[in-house]
Amino acid sequence: MTAAHTADDFTHLCSQHSTIKHDFTSDTPLIIGVDEVGRGSLFGQMTVAAVILPADISGEFDKINLTNTALSPLNDSKKLSPKKRDLLFDVISQISLSHVIVDVPASVIDAINIYQATLLGMRLAIERLLAAHTTTQTAPQILIDGNATPILSANFYAHQPHIRTIIKGDGVHSSIAAASILAKVHRDRSMIEFAKQYPKYHLDKHKGYASAAHTHAIKTLGILPEHRKTFSPMKDMLAQGELFS
């Protein structure tokens, strides 16, 4: 990212998909769970999800009982089968008080780097939910998977002290786990659609990550517009004069 540009210059390129509900009282304590997926992918967007679950099913796994609830299978999304993740995606979408999914495209990742793109996606997702729930009397807690902390913009900076990062939080807290499910299933479905557009790259199989098959396709078929040009092997190929597929 150059001095002439900041992450804010690229917010209009990030797509947001949100469901905002107002069927809860203003004194309901809110926890916003946040997670991302796709940081290490070679292709396409990095996706961030933020979700607010009902209070009775939002908490650390060792302190709440999800037995006999719709979220009983909920855990780290990486440990679940694709079928279970798909089912939970629909359940979470239905029962969450609100949720938002933000896609940060490859063009933005290349412009500001993957770390800054992650912070941008997180900030946009968090601020979307904060803006929707300004009448809540208790300040929301914001729980983020990992150790990256976005700096909220001026209108929301009062909430900065309420952000807490949790390493491997998708295996610790139900709200982060729910966000992980939303982010992963949403992005996986996007990769399946891209696979229809680029069938020879088999994006539905590796989801854009650096599998042997994907790397081979890049080197033999060429670089696609949605590939991240600042990632290898695309960066090296472009330096040698390789063209887009």
Side-chain angles (χ1 to χ4, degrees), residues 1-17 34-50 77-78 82 100-126 144-151 153 170 179-180 182-245:
M1 182 165 52
T2 67
H5 292 286
T6 67
D8 285 339
D9 295 326
F10 299 94
T11 58
H12 66 287
L13 298 176
C14 302
S15 59
Q16 298 189 32
H17 318 266
V34 184
D35 202 1
E36 57 75 28
V37 68
R39 286 184 67 176
S41 177
L42 307 183
F43 179 96
Q45 74 271 27
M46 187 274 304
T47 300
V48 175
S77 67
K78 302 176 187 66
V100 60
I101 299 172
V102 176
D103 286 323
V104 183
S107 59
V108 173
I109 294 169
D110 287 335
I112 64 176
N113 75 52
I114 186 61
Y115 179 70
Q116 293 298 329
T118 302
L119 296 181
L120 174 61
M122 288 178 173
R123 178 172 68 79
L124 292 175
I126 292 167
I144 301 176
D145 183 51
N147 58 7
T149 303
I151 303 300
S153 56
D170 47 356
S180 178
L182 293 182
K184 181 164 181 57
V185 172
H186 172 85
R187 188 176 186 280
D188 283 356
R189 290 176 178 177
S190 176
M191 292 301 107
I192 291 170
E193 291 304 308
F194 273 121
K196 297 175 183 177
Q197 186 176 353
Y198 306 118
K200 294 182 179 180
Y201 288 77
H202 304 291
L203 293 161
D204 54 322
K205 303 298 183 183
H206 50 68
K207 307 302 187 290
Y209 287 89
S211 69
H214 189 196
T215 302
H216 178 73
I218 295 169
K219 291 181 177 179
T220 57
L221 300 174
I223 300 170
L224 295 171
E226 294 85 0
H227 274 119
R228 301 177 186 178
K229 313 307 184 297
T230 54
F231 284 39
S232 294
M234 289 73 66
K235 182 178 180 179
D236 297 333
M237 292 171 63
L238 289 170
Q240 297 170 11
E242 297 286 344
L243 300 177
F244 294 134
S245 173

| Has His17 got more than 12 heavy atoms of other residues, nucleotides or ligands less than 6.0 Å from its NE2? | yes
| Electrostatic pair Asp8:Arg123 at N-O distance under 4.0 angstrom | yes
| Whether Asp103 side chain and Pro105 backbone form a donor-acceptor pair below 3.5 Å | no
| Measuring from Ile192:CD1 to Arg189:CZ, what's the distance to the nearest 0.5 Å? | 8.0 Å
| request: Describe, in one word, how the ring planes of Tyr201 and Tyr198 are oriented to each other, choosing from parallel (under 30°), tilted (30 to 60°) and perpendicular (over 60°). | output: perpendicular
| message | Can you see whether Ser190 engages Gln45 through a side-chain donor-acceptor pair at a distance of less than 3.5 angstrom? | response | yes
| query | Do Tyr209 side-chain atoms and Gly38 backbone N/O form a donor-acceptor pair below 3.5 Å? | reply | yes
| said: Determine whether a donor-acceptor pair (N or O, by modelled atom type, separation under 3.5 Å) exists between the side chain of Asp110 and the backbone of Thr230. | reply: yes
| His214: partners by ring pair (Phe, Tyr, Trp, His ring centres under 6.0 Å), with sequence neighbours left out | His206, His227
| field | Side-chain (Arg187) to main-chain (Lys207) donor-acceptor, under 3.5 angstrom | value | yes
| task | Name all pairs fulfilling the salt bridge (charged side-chain N to carboxylate O under 4.0 Å, His left out) condition that reach into residues 191-206, sequence neighbours left out, sorted by first residue then second. | result | Glu193-Lys196
| message | Looking at Gly44, is its backbone amide N or carbonyl O close enough to the side chain of Arg228 to form a donor-acceptor pair, meaning the two atoms are under 3.5 Å apart? | response | yes
